[in-house]
Participant: 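For reference, the structure I am asking about is given below.
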Amino acid sequence: MRKGLLTMVLLGGLTLAGCTDKPNDDLMLDERSDITHSPMTGQNVGTGEGYNQYGVDGAPIPGSMEDLIVNVGDRVYFGYDRYDLTPEALTQLQMQARWLQQYPNVNIVVEGHADERGTREYNLALGDRRATAARDYLVSLGVPASRVSTISYGKEMPEVLGSNAQSWARNRRAVTKVQ
Amino acid sequence: MTQLAFSNAQAALRKPSLHRLMSVVTALMIAAYGVLSPVTAHAELKITVGAGNVQPMPIAIAAFHGDNASNQEIGRQLAEVVSQNLKRSGLFAPLDPRAFIQDVASLSAQGPRFGEWRALNTQALVSGMIQNDADGRLRVEFRLWDVFAQSQIEGMAYMTTPQNWRRIAHIISDVIYKRLTGEDGYFDTRVVYISEDGPANKRIKRLAIMDQDGQNHRYLTDGSYLVLTPRFSPTAQEITYLAYVNNKPRVYLYNIDTGRQEILGDFPGMTFAPRFSPDGNKVIMSLATSGNSDIYTMDLRSRQVKRLTDNLAIDTSPSYSADAKRVVFESDRGGTQQLYIMGADGSNPQRITFGEGRYANPVWSPRGDLIAFTKILKGRFYIGVIRPDGNGERLISSAFHVEGPSWSPNGRYLTYFKEIPVGPGGQQRSAKLYTIDLTGYNERELQTPKDGSDPAWSPINP
């Protein structure tokens, strides 16, 4: 119930901002590195179920995964076959770094993901690049490297199902998860 | 004449047993019998493979004659398995048994009445017989006949347990295939693959194995962790693959005989894209550290690790040449994914693909003459082959998503998977395994209980 409400609110806040469609070398895809991504979604939050991340007032418990999602934003997006951090991603990660400094006992894992329009093994490597790019930036902002691990899922765990450029853009992502 | 044949058979060379189920199959050559006609003007009974769209050769495969009801049923099914195998190869057109004139009992007892088979316009005829020996084991005997020359051109007998009759059918199929095409067969093989089930964002993936015709299917992992990209050892009952055990993506070894799963090495980051060396003694794979993927080998005995590439690019999907002297791999060091060949020690990497688009997961043919790959061009996926010198590129299959070729052990067929959007809004995925002749003809679905991806062909069963 609570989760459904959260999802609705977040989806309501989600906008696909006007995008510049850049032609690609191989894939006729739109690059949507400028998607609004903060805060994004309550769906697909692995740690959201099974234990309570909300306080008695209905607000997320400070320092929890839900807190990160709702009050900071847990993910950044990448261009097609890119792993450089966009200006939006840099801003997002700066917010995550500030949040992590508030909760020094929180460790995180950054998950790197790719869209399905690449080959499996290359995408595993690409997901690793993306997770590492986000991790390295967090560390450069002062988050101790010991608190941040990475994992690549390649194209194995899409966030959005669909066969179009918008879906694929949403799947090229690095997601910060509270451990 | 039949009596004579049997005594010859008894005296024939007894080959060593063939399988770890061992004792299970023993083979005997059967001496030629029947009318050994003088050489006539008939063309030699042989298919010339190589050119693409060959006319499939008609072949009559009679039910194997059983000496009791149970053996008759096995004999019927065994002939059917042989028939299906040869048909799937695209090189044979088995005739409908209902058109056969001579009954299987007389065929088995007296040999072919060649006139009746010639009337069916088939030059090749397969007959066989099934009995039990004193221990209850099955004795399967088969003969391949040249109807026009009126002679037996192949004859074998096999001993096995009754449950193992399917294996005999595949071995016989290989003998026929080899005798009539001159190339090694590929029917007595298995395919390991990733079984897929569930919605596209929550796929359950399991390692699974089956015979090349889809039979004897079984799961090797339970789906509680993600598994990807299995490959068969060319020399042992082992599979190497990527598994996310405890959310740590690492290369594993799975022993098919014991069911034991073992992590390969102790690496500081994700290891992935594993394949065996041709002698089975090494695994070559990628290791990702600090966002950079390079290619390494691990010796399975000494556990010694060697680094082959040292490059900021993504270097992955390595595959040894059949002579183990070279390695083909993909790298985006030139900007996008392309294929490169280097020495097996990592020396002298040379780019071999310069066409439009991206080239990925190269696989060197066991014959050495071709490299299969996945290509992405203008948003579409292809399976193709190219010569190691970078010439002669041919695209042989295409789809919304097609990926991951693996060669049959005779280097004539490829298996891979295709994925297409299904369901409302194209949100779900249907993934199926396929096989194809390397010329691009005869693409066929390889049926699996659920969806499937990442197929890898085994060598001929030991």
Side-chain angles (χ1 to χ4, degrees), chain A residues 23-30 43-44 46 80-81 83-84 109-137 139 145 149-165 167-168 170-171 174 177 179, chain B residues 194 199-203 205 226 228-229 242 244 247-249 269-270 272-273 285-286 288-294 313-318 330 332 335-337 356-361 373-381 400-401 403-404 419-423 425-429 453-454:
Chain A
N24 258 292
D25 48 358
D26 307 321
L27 274 185
M28 295 305 175
L29 298 185
D30 302 332
Q43 71 190 22
N44 206 30
Y80 171 70
D81 197 24
Y83 61 102
D84 54 319
V109 53
V110 182
E111 298 177 351
H113 298 273
D115 69 39
E116 65 175 342
R117 303 309 286 162
T119 45
R120 193 179 315 287
E121 288 169 342
Y122 181 83
N123 276 355
L124 288 168
L126 182 57
D128 181 68
R129 275 181 168 172
R130 288 174 175 162
T132 303
R135 192 263 315 263
D136 287 353
Y137 188 56
V139 170
S149 59
T150 61
I151 186 171
S152 172
Y153 286 104
K155 59 180 174 179
E156 305 307 315
M157 293 172 64
E159 174 197 334
V160 174
L161 305 181
S163 304
N164 51 56
S167 307
W168 294 326
R170 291 268 302 273
N171 291 330
K177 291 217 167 147
Q179 277 193 312
Chain B
I194 300 298
N201 59 344
K202 286 189 177 132
R203 284 296 240 194
K205 295 200 174 192
L226 178 63
L228 300 168
T229 63
L242 171 59
Y244 281 67
N247 265 329
K248 271 181 83 173
M270 172 174 68
F272 63 109
M285 60 191 153
S286 283
T289 47
S290 306
N292 179 32
S293 297
D294 279 312
I314 290 175
D315 294 336
T316 190
S317 302
E330 68 167 81
D332 67 350
T336 61
Q337 287 167 279
E356 243 191 305
R358 294 154 182 267
Y359 293 78
N361 41 65
F373 56 82
T374 305
K375 179 169 181 166
I376 308 172
L377 178 64
K378 294 185 166 60
R380 201 168 166 82
F381 283 63
F400 169 79
H401 180 210
E403 187 180 337
E419 205 176 38
I420 52 167
V422 293
Q427 291 200 334
Q428 298 303 322
R429 294 288 174 268
S453 61
D454 294 359

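These numbers come from a predicted model, not from an experiment. Proteins get letters first, then strands, A, B, ... in listed order; numbering begins at 1 in each. Quick note: numbers below take in every heavy atom, side chains included, and nothing from hydrogens, waters or symmetry partners.
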Participant: For chain B, find which of A/L161, A/D136, A/T132 contributes the most heavy-atom pairs closer than 4.5 angstrom.
Facilitator: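 Most heavy-atom pairs within the cutoff with chain B belong to A/L161.
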Participant: How long is the straight-line distance from CG of A/N123 back to CG of B/L228, given to the nearest 0.5 Å?
Facilitator: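 Nearest 0.5 Å value for the CG-CG distance: 11.0 Å.
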Participant: A/E121 versus B/E330: any side-chain heavy-atom pair under 4.5 Å?
Facilitator: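 No. Closest side-chain heavy atoms not under 4.5 Å.
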Participant: How many angstroms lie between OH in A/Y153 and CG in B/N247, if you round to the nearest 0.5 Å?
Facilitator: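 If we round to the nearest 0.5 Å, A/Y153:OH and B/N247:CG are 3.5 Å apart.
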Participant: Is there a side-chain contact between A/E116 and B/H401 (heavy atoms, below 4.5 Å)?
Facilitator: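 In short, these two side chains do not touch, never coming nearer than 4.5 Å.
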Participant: Chain B heavy atoms under 4.5 Å from A/S149: which part of the residue, side chain, backbone, both or neither?
Facilitator: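 Answer is neither: A/S149 stays 4.5 Å or more from chain B.
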Participant: Looking at chain A, which one of B/M270, B/R203, B/E419 has the largest number of heavy-atom pairs inside 4.5 Å, strictly under?
Facilitator: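 Top count of heavy-atom pairs under 4.5 Å with chain A: B/M270.
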Participant: Could you look at A/R135 and say if it's the side chain, the backbone, both or neither that has a heavy atom under 4.5 Å from chain B?
Facilitator: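 Side chain only.
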Participant: Per the side chain to side chain contact (heavy atoms under 4.5 Å, CB included) rule, which among B/I314, B/T374, B/I376, B/N361 passes with A/Y122?
Facilitator: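 Of B/I314, B/T374, B/I376, B/N361, side chain to side chain contact (heavy atoms under 4.5 Å, CB included) with A/Y122 is met by B/I314 alone.
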Participant: Heavy-atom pairs under 4.5 Å with chain A are the metric here; pick the option from B/S290, B/G404, B/G269 that has the most.
Facilitator: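 Going by pairs under 4.5 Å, I would pick B/S290.
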Participant: Check for me whether A/R117 meets the cation-pi criterion with B/F381, that is, NZ or CZ under 6.0 Å from the six-membered ring centre and within 45 degrees of the ring axis.
Facilitator: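 No; the conditions do not both hold, so A/R117 does not lie above the ring face of B/F381.
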Participant: Quick one, B/R358 and A/D81 - any side-chain contact, counting heavy atoms below 4.5 Å?
Facilitator: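 In contact.
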Participant: Measure B/F400 against the heavy atoms of chain A and call it side chain, backbone, both or neither at under 4.5 Å.
Facilitator: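 Both backbone and side chain of B/F400 come within 4.5 Å of chain A.
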Participant: Check whether B/T316 gets within reach of chain A through its side chain, its backbone, both or neither, counting any heavy atom under 4.5 Å.
Facilitator: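 Only the side chain of B/T316 comes within 4.5 Å of chain A.
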Participant: What's the shortest heavy-atom distance between B/P249 and A/S152, and which atoms?
Facilitator: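 Shortest heavy-atom contact: CG-O, 4.5 Å.
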Participant: Does the side chain of B/F272 reach to within under 4.5 Å of the side chain of A/D128, using non-hydrogen atoms?
Facilitator: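 They are not in side-chain contact.
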Participant: If you count heavy-atom pairs under 4.5 Å with chain B, which of A/I151, A/V109, A/T119 comes out on top?
Facilitator: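 Highest number of pairs under 4.5 Å: A/T119.
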Participant: Which of these passes side chain to side chain contact (heavy atoms under 4.5 Å, CB included) with A/R120: B/L242, B/D454, B/I194?
Facilitator: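 Passing option: B/D454.
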Participant: Where does B/N292 contact chain A at under 4.5 Å (heavy atoms): side chain, backbone, both or neither?
Facilitator: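 Contact with chain A involves the backbone of B/N292 alone.
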Participant: May I ask you to decide if B/G426's main-chain N or O and A/S163's side chain share a donor-acceptor pair within less than 3.5 Å?
Facilitator: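 Yes.
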Participant: What part of A/L124 gets closer than 4.5 Å to chain B, counting heavy atoms only: side chain, backbone, both or neither?
Facilitator: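 Its backbone and side chain both get close to chain B.
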Participant: Keeping the roles fixed (side chain from A/E156, backbone from B/L226), state whether a donor-acceptor pair exists under 3.5 Å.
Facilitator: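 Absent.
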